[in-house]
Every structure is written in C-alpha cells, then in structure tokens.
Amino acid sequence: MFETLQAMPADAILGLIAEHKEDPRPEKIDLGVGVYRNAAGETPVLDVVKEAERRLIDTEDSKAYLGTAGNAGFNAAMQKLTFADAGSEDRLLTVQTPGGSGSLRVAAGLIMRATDNATVWVSDPTWNNHVPLLGGAGLALKPYPYYDTTHHEIRAEAMLETLRALPRGDLVLLHACCHNPSGLDPTEDQWRQITEVVKERELVPFIDMAYQGFATDLDSDAFAVRHMADNVAEMIVSTSCSKNFGLYRERVGTLSFLARDHGTRAILASQASSLARTIYSMPPNHGAAVVSSILCDEPLRARWHEELDTMRDRLRDMRQMLHSALAVKAPDHDFSHLVRATGMFCFLGLTAGQVERLKKDSGVYMVDSSRINVAGITPGNVDYLADSIAAVL
Ligand code: LMR
C-alpha cells in the first residue's frame, strides 16, 4: 500500500544537518539547526546534567509508568521557573510534554477540542516548524506583521494594529524571548502594549518559550509570560528544556495553562491527560527527572545558572565578533542588527540565492531565509565566515 506515497522534501532546518555532514571540506561551517556549540564546535552534556544523571542512577528505584502528565516534581519546579509568582496558583496547570514540539502539539489538540473556529496568528516570520506542526494538527493559521526585513527591526505598530482588529477568542502565538528566527524581541514596554490589546480584544495568548535564559537572564526572559499571566484571563505557555538544559535529545518540555477559574483548570487537566494518551500515552521520565533534581537542589541549580551564563555569553560574544569582522570585510553593509539580536538566531539579510552560493562556494550552511545559528561561529572560523559572506554580497 505504501507505494502510493511520495517522498517528502527534506525539512528546511533538519535537512541541513545531513548536508553539512556529507560536505568533505574541512573549512565548512554549520549555522543551521538551533543547537548550542562551544568554541570547539561541540555540544557537550552540561556538567550539572552529568552530575544529576549520576545521582539519578543511584537513587532511581522504579521504571514503572508515571502517568500522562509526567513527573510531578518536574511539573511543579518548571511552573515556578516559568511563572515565578505570577498568575494565580489555583488557575495554573503545568504538565510534562515530549519537548517543546510535543507541548505545541498537545496545545493544538486542546484548542481544536475547545473551538472549531479560532485562528492562531503567528509572527511573520516564525519558527519554520510552527506552521507545519500546528497547521498539521488541524489549526487555521494566519500571519501578523513582526519583522521588517529592510530595517531589521520589529514592526511593533503594524503588529499591534493587526492584533487590534482580531475577533474575540482568536489566539496569538508569541515568542517569549530570543524570537526564532529573527532574534529580536519586543521591549518590556511593547509587551505591556501587546498585553493591553490581548486583554481588550479578549484574545488568547499562546506563548512559546524555548530559550528562557538565553537572552538576558531567566527572570527577564520570562517577563512576557509573567506579565501576561498577571493580566489576562486565560493563556497557554509551551516551554522547552532542550536549549537551556542542553537536553535536546531527551525531549523535555512543558505545557501550561492559565485557566479562567479553578474548575476550568481541572477540566483542562483531564483533557490534557486524555489527549496525551491518544498521541504518545505519556512523556519519558529521564530528562524531566534530571531537570527536577537540578531545580530542586540549590547547589546544582547555582551550577546550572553558571553554565547557562557561559552559553549565553558565548552567543553574545560570537555575534559581536562576526559584527566586527563584517565591519572590516563588508564596510558598506549595515549588520548592526546582529548585535541587537539575542539568543541563538538572527538574519544575515541575504537572498536565497546568496545563501545557496555560500553553501556551494564556501561550505557555509544556513536556513534559506539566511537565519544563522550564531553558536556555529568560533574565534577560529569567524574570519573565513566574514570573508565568505562578503564574497556573496
Ligand atoms: C531550530 O529552530 O533550529 C530549532 O528549534 C531546532 C528545530 O527543531 O527546528
């Protein structure tokens, strides 16, 4: 029967991993998938994760099922990390999901169960997989203006104007920090304005926070989530531990709801449980147990903060280094947005043709949109990279 199917094109982001791997050129550079790398180009397991894993091996006493909502200790610790004291505890629900993507998928299923006529508005542009993932689950999606590709800044006014015209009950997918792909986030003031519009229009914020700790610090990066939670009637928040704990392949994330009231929270808990059961039954424990033991042990938590700071500082330094190198090698072009962005990503502002030439001529790999993962830059390759970029400008 399967001969009726056709092969799919490679994923726009994941396909680059294989392409880069097959390239024999030693000078090749991978600026594709959003995975942190150190100055040696490696993605080591965090020391604090290794320590938590050692402890887990010694103390874990069962592999019996945990249940559809996952690890309760993890859920409680992650709710605190996400919301701190914002939102009211008896309206907040947090369940463990298989990564941020699993969280988005469960959220999509619950939105579909709750309503059949809401549209989810996504930033233009947004993460490459938001549209296939949420649209594939059956949701109707439309774009709101977000990024000005000419001036490399946020189109805050146009975004607010679009939100002001949305029908009540529509959802707005927002990136809490380190916007993927642009790296540019609203200021706290702009978040306040967005919150006002969401409240006025009775929209439902759906916040994706995959990079908490990668922009400024854990608390500042959660500003949007916490400010909304203190001001809106209901909201959805997806988080991921892939980046800030480096647990990419363990698939650790959460889905949280701020419900209108305690009764709705209970209904959402049972709905989330039944939906998880129909997709993957229950999430895996290992990564969640590791995160939980780090968050619940002060010395481990402090060590995690240090490792997170190191990752964030390196990303900032690499942006600055590329910016300085480009100022010398391509002085007629303005790349100042590189240092205004935060987190893993930013656009170079190249055409798809220039991106293709970078790949062919220099073995430099990035998404077609010219989004780069700055973690792929090192002091050793930055000059070659800047030369390669200058050559295609
Ligand atoms: C990215 O945007 O590169 C990451 O979020 C990884 C992925 O799954 O696409």
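When a residue number appears, it is its place in the shown sequence, counting from 1. Just so you know, ligand 1 is whichever comes first in the structure, and atom 1 is the first atom listed for that ligand.
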Could you walk me through whether Val291 and Met78 satisfy the side chain to side chain contact (heavy atoms under 4.5 Å, CB included) test, starting with their C-alpha distance in whole Å, then the side-chain angles of each, then the deciding distance to 0.1 Å, before giving a yes or no?
CA-CA 9 Å; Val291 169; Met78 283 298 291; 4.0 Å; yes
So which heavy atom in the protein is nearest atom 3 (O) of ligand 1, and how far is it from that ligand atom?
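Minimum-distance protein heavy atom for atom 3 (O) of ligand 1 reads Gly34 N, 2.7 Å.
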To check your reading of the model: name the closest protein heavy atom to atom 8 (O) of ligand 1, its residue, and the distance in Å.
Trp127 CZ2, 3.5 Å
Does ligand 1 have a heavy atom under 4.0 Å from the side chain of Tyr211, from its backbone, from both, or from neither?
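Tyr211 to ligand 1: side-chain contact only, backbone stays beyond 4.0 Å.
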What I want to check is whether the side chains of Asp90 and Ser88 have a donor and an acceptor closer together than 3.5 Å.
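Side chains of Asp90 and Ser88: pair found under 3.5 Å.
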Would you say Trp127 and Phe345 make side-chain contact, with heavy atoms under 4.5 Å?
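Heavy-atom side-chain distance check fails, nothing below 4.5 Å.
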Salt bridge present between Lys359 and Glu19 (N-O < 4.0 angstrom)
yes
Taking the basic N atoms (NZ, or NE/NH1/NH2) and the acidic carboxylate oxygens, is any pair closer than 4.0 Å for Lys329 and Asp387?
yes
Testing Val392, Val364, Leu350, Thr351 for side chain to side chain contact (heavy atoms under 4.5 Å, CB included) with Arg357, which one passes?
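Among Val392, Val364, Leu350, Thr351, the one that satisfies the side chain to side chain contact (heavy atoms under 4.5 Å, CB included) with Arg357 is Val392.
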With respect to Ile13, determine whether any N or O atom, backbone or side chain, lies less than 3.5 Å from an N or O atom of ligand 1.
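No; the residue has no nitrogen or oxygen that sits under 3.5 Å from a nitrogen or oxygen of the ligand.
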Just which atoms of ligand 1 are under 4.0 Å from any heavy atom in Lys243?
4 (C), 5 (O), 6 (C)
Go through ligand 1 atom by atom and flag the ones less than 4.0 Å from a non-hydrogen atom of Val33.
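Reading through ligand 1 atom by atom, the close ones are 3 (O), 6 (C).
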Ligand 1 contact by Asn180, heavy-atom criterion under 4.0 angstrom:
yes
Would you check whether Arg371 reaches within less than 4.0 Å of ligand 1, judged by its heavy atoms?
yes
